[in-house]
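We use all heavy atoms of the structure for the numbers below, so side chains are in, but hydrogens, waters and symmetry mates are not. Numbered from 1 within each chain, the chains take letters A, B, ... in sequence-line order. Everything numeric in this text was worked out from a predicted model, so none of it was measured.
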Amino acid sequence: MATIKPSVPKGTRDFSPSEMVKRNYIFDTIKSVFRKFGYQEIQTPSMENLNTLTGKYGDEGDKLIFKILNSGDYLAKVKPEKLSPDNSNGLISEISEKALRYDLTVPFARYVVMHQNEISFPFKRFQIQPVWRADRPQRGRYREFYQCDADVVGSESLLNEAEFVLIYNEALSKFGLKDFTIKINNRKILSGIAEIIGKPELIVDMTVAIDKLDKIGLDGVVKELVERGFTETDIEKLKPVILLEGSNEEKLESLKGVLQTSETGLKGVAEIETIFNYVSALNAEILSSNRRLELDITLARGLNYYTGAIFEVKTNEVAMGSIGGGGRYDDLTGMFGLKNLTGAGISFGADRIYDVLEELKLFPESAEETTKVLISNFDPEAEAYALPVLQQLRAEGIAAELYPSSAKLKKQMGYADGKNIPYVILIGSDEIQSGELSLKDMKSGEQQKLRIEEIIKKVKH
RNA sequence: GUAGGUAUAGCUCAGUUGGUUAGAGCAUCAGAUUGUGGUUCUGAGGGUCGUCGGUUCGAGCCCGAUUACUUACCCCA
């Protein structure tokens, strides 16, 4: 058999030990904050029934779902006329009935509907699992990546939104990030604006265009608005809103003026004010610190199922896209037959956070240590002597290993070095006779003879 | 879907107007050093130059096709 060049599928990655230490640090930190705010963890299968997923993400999204080919002779029952080259879409349902999950929100909605009798609402769940998208990979964008979602269903209270702000603030602060901005907007404000200019049906086109303001500038946005069917007069009305500046309070005040004839728009403004009030009562520092929480009218996010608050989080210390986002969506579970259940949720972009922490060198050093002690292996006699020592160390909760063969000491030391092991115990005939083992500190290079009890004490600290 | 870029040792990459036997660093292994790593020195192994075809006396280099990877756009996290 010809050997094949080993590789992983496009857009996927291996995670080596040193990366896993850091990734787990990120996941554990986020989890601890989620738990602290009362969210409980669930997991759902990697694959869902295809019909659970199709139609939930729009036409573009459906194309990006990884379908799983049926097992067995999957073409046997397909009628020959369905096999024509222009019938790929029609064929999918015949040869595929399962697909990899595309996000965590739809499987969660499915979960809520299926388990509604066991769940007491409001239900606060978090979920950290990989999702798959058949997208074209590029920088910071993968075909397999992890989402860290926290959602609450069955609670309309804006306290939830306020707590999301606190969660972002606490988690990102724990990572050591100092300068980040939690941007907030409200879908109802955007609806109101579309209403005021008399084009409510074009709200999605409007949001997609103005969302790009900081990327393509005002001229670019205007150009895109024209392409999407807005007139010059529409745009003149839009401009002052898009370019709104000042403090959160000032923005809210001017919005109240602009939106005074739009009931929906004013409701959005009121919601934002309520959220700010909650945040201020919970942690006044967030509102007082510069730019930490910012009302941004141009924030739209592509997802058009948001109905209330919209969040996006960016770090200002590194040039990087958003590292988190979320919002409120009414009727999450309607598509599965459970009506009138509102939900709100947020997500952390773990892969991007990883890149940010790496660039700012914010990973704690302790996260890099693995084995604490390596016992060298001189010969069978020393090995036999070392076995109970090894067990003793482990019984004390010390990560320890015995080099598995009596290789040259140089190789054993090199092993400890490459694995970043801070201590090596050397056991030879002298040590066996005296019962005092040589403990070498790999950082300082110092070595001393100690009894096992003393070693445990020293290594444990 | 649209438009670029790249493909040479396990990894990162050099490779002159096309010219003999294709190189470096890192990594690996061995030795200097039979009880001591990270530094140093010496040596070794490791290549169908992505694949197929074309031009040429001669191709890693030029041309065409193909595949893989990659970057940007659309969209998204």
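A salt bridge links A/K36 to A/E170: at least one charged side-chain nitrogen sits closer than 4.0 Å to a carboxylate oxygen. Here A/E19 does not pair with A/R13 in a salt bridge; the nearest charged N to carboxylate O distance is not below 4.0 Å. The pair A/E41-A/R35 meets the salt-bridge criterion, since a charged nitrogen lies less than 4.0 angstrom from a carboxylate oxygen.
Atom name P, nucleotides B/G37 and B/G31: the rounded distance is 13 Å, in whole Å. When the P atom is compared between B/A7 and B/C61, the two are found 11 Å apart, to the nearest whole Å. Going from the C1' atom of B/U66 to that of B/G25 covers 33 Å, rounded to whole Å. B/G10 and B/G45 have their P atoms separated by 15 Å, given to the nearest Å. On the P atoms, B/G46 is 36 Å away from B/G5, given to the nearest whole Å. Nucleotides B/G19 and B/G58 have their C1' atoms positioned 7 Å apart, rounded to a whole Å. With both ends at atom P, the span from B/U48 to B/U6 equals 23 Å, rounded to whole Å. For the P atoms, the distance from B/U20 to B/U70 is 35 Å, rounded to whole Å.
As judged by a 4.0 angstrom heavy-atom cut-off over every strand, A/T105 is placed among residues making no nucleic acid contact. If you check every strand for non-hydrogen atoms under 4.0 Å, A/Y146 touches nothing. Using a 4.0 Å heavy-atom cutoff across all strands shown, A/G324 reaches no nucleic acid atom at all. Here A/D103 lies out of heavy-atom contact (under 4.0 Å) with every strand. A/E60 comes within contact range of no nucleotide atom at all, as no heavy-atom separation falls under 4.0 Å.
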query = Given the rule that a pair is Watson-Crick or G-U wobble with both distances under 3.5 Å, how would you write RNA chain B in dot-bracket, using | for pairs to a different strand?
reply = (((((((..((((.....[...)))).(((((.......))))).....(((((..]....))))))))))))....
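The ring pair (Phe, Tyr, Trp, His ring centres under 6.0 Å) test with A/F348 singles out one residue from A/F34, A/Y354, A/F27, and that residue is A/F34.
The base of B/C76 lies outside donor-acceptor range of the side chain of A/R136, with no N or O pair under 3.5 Å.
Note on ring orientation: taking the six-membered ring where Trp is involved, the planes of A/F164 and A/Y39 are tilted (angle from 30° to 60°).
The cationic group of A/R133 does not satisfy the cation-pi geometry with A/F66, failing either the under 6.0 Å distance to the six-membered ring centre or the 45° limit from the ring axis. Remark: A/R23 is positioned above the aromatic ring of A/Y146, its terminal NZ or CZ atom under 6.0 angstrom from the ring centre and at most 45 degrees off the axis.
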request  = Would you give a per-nucleotide map of nucleotides 36-43 of chain B, 5' to 3', where B means the base has a protein non-hydrogen atom under 4.0 Å away, S means only the sugar-phosphate does, and - means neither?
outcome  = BBB-----
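A straight line from CG of A/D59 to P of B/C76 spans 13 Å, rounded to a whole angstrom. One can place CG of A/D135 at 12 Å from C1' of B/C73, the figure rounded to the nearest angstrom. What separates CG of A/D151 from P of B/A77 is a distance of 13 Å, to the nearest Å. Nucleotide B/G4 holds its P atom 17 Å from the CD atom of A/Q138, rounded to whole Å.
Minimum atom distance to the side chain of A/K408 is reached by B/A30, of the listed B/A77, B/U71, B/A30.
A donor-acceptor contact under 3.5 angstrom links the side chains of A/E401 and A/T371, judged on distance only. A/Y415 and A/K411 share no donor-acceptor pair across their side chains, judged by distance under 3.5 Å alone.
Two rings, from A/F180 and A/Y168, have their centers 6.0 Å or more apart.
Toward the 5′ end of RNA chain B lies the nearest nucleotide of A/R139, the other residue of the pair A/K212 and A/R139 mapping further downstream.
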